[in-house]
Amino acid sequence: MSELLATVEAAFEDSYGHAPHHVVRAPGRVNLMGDHTDYNQGLVLPCALQYHTMVAVSPRNDSHCEVVALDCGGERDRFACEQAIPFHSAQSWSNYVRGIIETLRRHDYPLPGCNLLIHGDIPQESGLSSSAALEVGVLLAVAVTGGFSIDRVAGARICQSAENDFVGCACGIMDQLVCLCAEVDSALAIDCRSLQYRAVKLPTDFRVVIIETGVRRALVAGEYNLRRQQCEQAASELGVGSLRDVSLVSFEQTQRHLNDVIARRARHVLEENQRVLDMVSAFDQGDSLAVGHLMFQSHESLSRLYEVSTPEVDTLVALLGEALGGHGGARMTGGGFGGCVVTLIPENRCSVLNEVMTRYRDMTGLCATALPAEPSAAAGLLY
Ligand code: GLA
């Protein structure tokens with residue numbers, strides 16, 4: 001982290017000719033259980049990571065915003081903050097920054113002019129939520145410069161709204177909320193209907209390891225938005241506002257009214273919510289066998305019922321299943337269609353990973369990379 005900070009400070013000085021007044025860090029996340037449930041007002045269990053996006057900031061004398069994105073070849077953006085901020089048609093990263101500032105403007109926050117510089121070490125396009133970290137980082141940097149504070153849950157809503165209404169991705173609130181509310185050494189059990197959450201301590205003898213599958217994420221936005229529509233259709237045909245209002249018992253009685261695809265999507269969501277509750281109990285009781293079992297069940301459901309996995313990701317999870325032999329678990333994580341697999345492995349079995357990755361390469365031709373994950377604290381001001 002200190003190396004990242006030194007790079008940010010030096011680059012800020014180079015870009016603007018003075019040191020930043022403040023630096024914010026915002027973590028990436030990995031989700032341990034509960035995927036495609038958040039936009040159905042359901043339950044999720046993510047944790048924040050030790051990989052961060054840093055945002056350095058200083059005030060300006062005018063009401064403009066200037067931004068440098070170090071990880072995008074030093075690209076710049078500049079726009080006026082006092083009138084409606086337009087969508088940037090050429091630089092996709094700019095729209096996360098513009099979206100946050102425009103959403104704050106629409107909510108009448110007192111916007112300062114500011115110089116910003118962004119740099120981080122969250123692997124991009126891997127499904128570890130570098131975009132939510134960017135949103136949260138910009139939000140906190142603008143707030144400290146403007147001299148206003150934002151409640152963390154309200155902040156997550158602002159970030160989600162920027163992504164839904166400005167960037168154009170119909171994501172749920174999990175990523176932004178865990179980035180703003182996570183606790184060290186813990187996962188965060190979030191109820192995405194009430195937005196209440198609680199930290200759940202992770203077993204100390206287990207490691208969270210993320211495996212980048214080497215499958216490039218494709219079709220993500222279109223397929224993601226389609227899944228969301230299918231869930232809304234299921235809720236509407238079952239006569240409820242969201243799938244959270246359907247119990248598994250009543251679903252068994254009424255699902256024959258749904259077509260096969262819609263019924264499978266809904267079943268995944270309902271059972272996945274239950275798995276989050278079961279996983280929290282398993283953590284609380286230190287039942288590591290149950291933890292592993294739930295993770296493999298979740299993967300099967302995401303692959304077969306929700307259809308957001310890929311054959312290569314399925315292969316990796318199956319190899320992990322064989323190698324772990326009931327001690328620990330693995331599942332795809334996040335939106336899907338490539339990206340990462342998350343594993344919970346007993347400390348003394350981490351050595352199986354190398355052999356699994358070699359077999360994965362032999363079977364798929366893809367090179368997987370293991371990233372150790374340390375469940376970390378929420379976003380905050382470094383100074
Ligand atoms: C993406 C979205 C989240 C969530 C996950 C799937 O990461 O940003 O809101 O829906 O997919 O669980």
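Just so it is clear, the structure is predicted and the values come from calculations on it, not from any experiment. Order of listing sets the numbers, starting from 1, for every ligand and every atom in it. Values below: all heavy atoms of this structure, side chains included; hydrogens, waters and symmetry mates excluded.
- Here the options are His268, Arg227, Arg265, the test is side-chain hydrogen bond (donor to acceptor under 3.5 Å, both in side chains), and the partner is Glu307; only Arg265 passes.
- The protein atom (non-hydrogen) at minimum distance from atom 2 (C) of ligand 1 is Tyr224 OH, 3.4 Å.
- Using modelled atom types, one finds no donor on one side chain facing an acceptor on the other under 3.5 Å when comparing Gln50 with Ser376.
- With respect to atom 3 (C) of ligand 1, the closest heavy atom belonging to the protein is Asp38 OD2, 3.4 Å.
- Among residues two or more places apart in sequence or in another chain, the ring pair (Phe, Tyr, Trp, His ring centres under 6.0 Å) test is passed with Tyr39 by His36, Tyr224.
- With a heavy-atom cut-off of 4.0 Å, Asp35 touches ligand 1 through backbone and side chain alike.
- The shortest N/O to N/O separation between Asp175 and ligand 1 falls below 3.5 Å.
- In this structure, Arg25 contributes its side chain and Thr53 its backbone to no donor-acceptor pair below 3.5 Å.
- The six-membered or imidazole ring of Tyr383 lies away from that of His21, with a centre-to-centre distance of 6.0 Å or more.
- By the 3.5 Å distance cut-off applied to N or O atoms, Tyr39 is not counted among the residues near ligand 1.
- Between the side chain of Thr213 and the backbone N or O of Val215, at least one donor-acceptor pair lies under 3.5 Å.
- Each of the following atoms of ligand 1 lies closer than 4.0 Å to a heavy atom of Gly172: 9 (O).
- Looking only at heavy atoms of the protein, atom 5 (C) of ligand 1 is closest to Met174 CE, 3.8 Å.
- Assignment of Arg29 to the shell around ligand 1 is supported, since a heavy atom sits closer than 4.0 Å.
- Each of the following atoms of ligand 1 lies closer than 4.0 Å to a heavy atom of Gly334: 6 (C), 11 (O).
- The list of salt bridge (Lys or Arg N to Asp or Glu O under 4.0 Å) pairs with a residue in residues 327-354, not counting sequence neighbours, reads Asp35-Arg331, Arg207-Glu347, Glu272-Arg331.
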